[in-house]
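Worksheet: the structure to be examined is printed underneath.
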Amino acid sequence: MKWKDRTVVITGSGSGIGRACALAFAKAGATVVVADRNLPAAQDTVARIKEGGGEGLAVYADVADPTSVAGLVETTIKAFGKIDTLVNNAAIQINKTVADTSFEEWNAQMAVNVGGVFLCSKLFLPYLRTSRGNIVNMSSVNGYFVEPSCAGYCATKAAIMGLTKAMAIDHGHEGIRVNCICPGYIDAGLAEGYFQSQANPAQARKDAGKLHALWRIGKAEEVAQVAIFLASEEASFVTGSAYVVDGGFGSGLPPK
Ligand SMILES: NC(=O)c1ccc[n+]([C@@H]2O[C@H](COP(=O)([O-])OP(=O)(O)OC[C@H]3O[C@@H](n4cnc5c(N)ncnc54)[C@H](O)[C@@H]3O)[C@@H](O)[C@H]2O)c1
């Protein structure tokens, strides 16, 4: 139980990879703040944490809204007095080309995916300084391998990689480590949304598996294990890194 007495805040943990991270950190012994703009989903994650004997608190938070993020920080500090790890995981994915993306869609996606990382990191930083804590950001292989019809999303994931390195450089001397994870296709909400946007979702899912050397898409739990590693003392000299968890994502073409 080396995570006992540690507080971990995970955004977008009402489902998918965020939920898997919440369950894994709680199983390891941490107290988890499950933050999501879908409060019933966050409450469901906490119910699962409690079923497993862990500790968690569901908090409504919209990471794109400064007032809402300030409320998340206040609730966390009031309830637990500190934060040790922030996992910036919340994101949305608009499956369109630049030509088809409206200004509103562009701005909304930037505000959640990049603005959310900025806001949550900024407002939790004073407390991370005190705990000499760390941040794990959820980027994607789409930060460097792009795919058709998700231009804005790919841009946000590349921005998160840049922001991760920038924050690592700026705050390393304060004892704060900042890393990001670049998952390949993972069996969770955003990938499912992408499959559903294709003409033949079942075929799209099959084809996606074959883009990975392991010939399958990943599980959310496989990403969660890397998040725990990056947040732990085992990764004490790891900062500014982009950790690839992609089952050997290939050239973008399925093998013949
Ligand atoms: N699923 C994949 O294949 C995949 C691959 C690479 C990276 N990722 C990244 O992993 C993360 C999670 O993806 P997922 O597939 O588990 O998604 P998901 O849709 O299953 O979960 C995302 C969660 O974020 C919440 N959310 C959305 N906007 C929010 C906001 N403004 N404020 C607070 N919460 C908000 C949603 O309510 C939802 O619970 C994302 O950062 C995504 O880019 C996913």
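Every number for a ligand or one of its atoms is a count from 1 in the order of the listing. Predicted, not measured: the structure shown is a model, and the values here were computed from it.
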- Item | Phe249 vs Tyr144, ring pair (Phe, Tyr, Trp, His ring centres under 6.0 Å): CA-CA, chis, key distance, verdict | CA-CA 11 Å; Phe249 196 81; Tyr144 52 91; 8.5 Å; no

- Task: Could you note down all residue pairs passing salt bridge (charged side-chain N to carboxylate O under 4.0 Å, His left out) where residues 93-114 supplies at least one of them, sequence neighbours left out?
- Result: Lys96-Glu105

- Heavy-atom side-chain proximity of Val33 to Leu72 below 4.5 angstrom: yes

- Within a strict 4.5 Å, meaning less than it, do heavy atoms of the Leu125 and Ile176 side chains meet? yes

- Item | Lys/Arg N to Asp/Glu carboxylate O, Arg19 vs Asp36, below 4.0 Å | no

Short N or O contacts of ligand 1 with protein, under 3.5 Å, listed by atom name?
residue  : atom   : partner : partner atom : Å
ligand 1 : 1 (N)  : Ile186  : O            : 3.2
ligand 1 : 3 (O)  : Ile186  : N            : 2.7
ligand 1 : 3 (O)  : Ile186  : O            : 3.3
ligand 1 : 15 (O) : Gly189  : N            : 3.4
ligand 1 : 15 (O) : Leu190  : N            : 2.9
ligand 1 : 16 (O) : Ile17   : N            : 2.8
ligand 1 : 20 (O) : Ser15   : OG           : 3.0
ligand 1 : 20 (O) : Gly189  : N            : 3.0
ligand 1 : 21 (O) : Ser15   : OG           : 3.0
ligand 1 : 28 (N) : Arg37   : NE           : 3.3
ligand 1 : 31 (N) : Asp62   : OD1          : 2.9
ligand 1 : 32 (N) : Ala61   : O            : 3.4
ligand 1 : 32 (N) : Val63   : N            : 3.0
ligand 1 : 34 (N) : Arg37   : N            : 3.3
ligand 1 : 37 (O) : Asp36   : OD1          : 2.6
ligand 1 : 39 (O) : Ser15   : OG           : 3.2
ligand 1 : 39 (O) : Asp36   : OD1          : 3.4
ligand 1 : 39 (O) : Asp36   : OD2          : 2.6
ligand 1 : 41 (O) : Asn89   : O            : 2.7
ligand 1 : 41 (O) : Lys157  : NZ           : 2.9
ligand 1 : 43 (O) : Tyr153  : OH           : 2.6
ligand 1 : 43 (O) : Lys157  : NZ           : 2.7

- Test: Glu233 and Arg6 ion pair at under 4.0 Å: yes

